[in-house]
Amino acid sequence: MGRAHEVRAAAMAKTAAMKSKVYSRYGKEIYIAAKSGVADPEMNLALRSKIKEAKANQVPADVIKRAIEKAKGGSTESYDTLRYEGFGPGAATIIIDCLTDNSNRTIAAMNQCFNKSRCKMGVKGSVSFGYDNLGVLSFPYTDEDKMLDTLVEAEVDVNDIEVEDGEMTVYVTPGDLHKAQEAIDSLIPDCNYSVCAIKMLPQEYVTLTDEHDKEMWQRLLDNLDEVEDVQEVFHNVEM
């Protein structure tokens with residue numbers, strides 16, 4: 001019983017940490033959108049779209065409100081978007097998107113993560129050419145024909161639609177993510193998204209078989225997860 005309790009507690013702590021990371025990410029992105037224009041979603045399309053995306057990812061209303069109020073309050077915080085690419089063991093590749101107010105701190109953290117896991121950072125474009133940049137929406141639904149008709153009618157550029165175990169995943173061009181979300185919401189009121197975001201998806205996946213390689217790869221992922229500036233991590237390893 002004690003062991004089961006520890007496992008549950010650890011799982012809950014990990015889930016809480018993941019949620020906190022998502023909340024922090026969207027808090028920053030909403031703040032940036034609000035600062036780049038009027039801090040009113042009715043008058044700022046970028047802000048309105050980002051709020052819809054945040055809500056689809058179960059970000060609490062108070063997190064959204066605090067980010068907007070922070071922008072209204074005249075905060076001078078400024079963030080840069082940075083992307084790092086690298087190579088892991090075997091044929092593993094990775095892309096890390098960061099949002100930072102101190103690029104020197106971020107690059108130092110990236111170097112440390114890669115060095116500690118014996119992986120190698122690459123130059124811009126050395127990895128991303130093997131990935132597709134797509135808007136991804138996943139939610140419970142199974143009628144592919146009805147969904148395709150709805151999206152086409154809304155003039156959404158659909159890349160693909162997949163259905164597995166009652167879960168539908170729609171892939172669209174990145175610029176049509178929020179248009180697709182609005183079309184899906186009109187078809188499925190109160191749609192519960194498990195994914196609603198722009199992703200870098202590998203064109204091919206690899207599997208690590210060597211135990212040492214697996215350990216080093218997991219070490220890299222764990223180290224990156226502890227870096228506050230890291231917003232998103234994309235890779236081609238099937239876990």
Exercise. Atom CG in Leu224, atom CD in Gln112: separation rounded to 0.5 Å?
Worked result: 11.0 Å
Problem set entry | Residues that Asp222 engages under side-chain hydrogen bond (donor to acceptor under 3.5 Å, both in side chains), provided they are two or more places apart | Gln218
Exercise. For residues Glu85 and Ser128, is any side-chain donor paired with an opposing acceptor at under 3.5 Å?
Worked result: yes
Problem set entry | Met147 reachable from Tyr193 in the ILVMFWY side-chain graph, under 4.5 Å edges | yes
For this session: Check the side chains of Gln203 and Asp132 for a donor-acceptor pair under 3.5 angstrom, ignoring hydrogens and angles.
Result: yes
Exercise. Is the side chain of Asn236 donor-acceptor paired with the backbone N or O of Ala91 at a distance under 3.5 Å, no angle test?
Worked result: yes
Exercise. So, are Glu232 and Arg25 salt-bridged, with charged N and O less than 4.0 Å apart?
Worked result: yes
Problem set entry | Exercise: do Asp229 and Tyr79 side chains pair donor with acceptor under 3.5 Å | no
For this session: Determine, stepwise, if the pair Lys214 / Glu211 fulfils salt bridge (Lys or Arg N to Asp or Glu O under 4.0 Å).
Result: CA-CA 5 Å; Lys214 291 180 183 178; Glu211 290 303 318; 3.4 Å; yes
For this session: May I have all residue pairs that pass ring-ring contact (aromatic ring centres under 6.0 Å, His included) and include part of residues 205-239, sequence neighbours excluded?
Result: Trp217-His235
Exercise. Are Leu177 and Val158 connected in a single hydrophobic cluster, I mean Ile/Leu/Val/Met/Phe/Trp/Tyr linked by side-chain heavy atoms less than 4.5 Å apart?
Worked result: yes
Exercise. Taking atom CZ of Phe87 and atom CD1 of Ile94, what is their separation to the nearest 0.5 Å?
Worked result: 11.5 Å
Exercise. Can you check whether Ile107's main-chain N or O pairs, donor with acceptor, with Asn111's side chain at less than 3.5 Å?
Worked result: yes
For this session: Say whether, by atom type as modelled, one donor and one acceptor occur between the side chain of Asn44 and the main chain of Val38 under 3.5 angstrom.
Result: yes
Exercise. Got a second to check how far Lys52's NZ is from Gln181's CD, nearest 0.5 Å?
Worked result: 5.0 Å
Exercise. Can you check whether Lys21's main-chain N or O pairs, donor with acceptor, with Ser24's side chain at less than 3.5 Å?
Worked result: no
Exercise. For the atom pair CG (Asp213) and CG (Leu208), what is the distance rounded to the nearest 0.5 Å?
Worked result: 6.0 Å
Exercise. For Asp176, does its backbone N or O pair with a side-chain atom of Asp157 as donor and acceptor, under 3.5 Å?
Worked result: no
Exercise. Does one hydrophobic cluster hold both Val195 and Ile51, with members joined at side-chain heavy-atom distances below 4.5 Å?
Worked result: no
Problem set entry | Option among Lys50, Glu53, Gln58, Gln231 that satisfies the side-chain hydrogen bond (donor to acceptor under 3.5 Å, both in side chains) test with Tyr26 | Glu53
For this session: Would you confirm whether Lys179, through its side chain, and Glu155, through its main-chain N or O, come within 3.5 Å as a donor-acceptor pair?
Result: yes
For this session: Using atom types as modelled and distance alone, determine if a side-chain donor or acceptor of Ser36 lies under 3.5 Å from a backbone N or O of Ala33.
Result: yes
For this session: Rounded to the nearest 0.5 Å, what's the gap from CG on Asp40 to CZ on Arg48? Could you check?
Result: 9.5 Å
Exercise. Are Leu201 and Ile95 connected, step by step, through hydrophobic side chains (Ile, Leu, Val, Met, Phe, Trp, Tyr) whose heavy atoms are closer than 4.5 Å?
Worked result: no
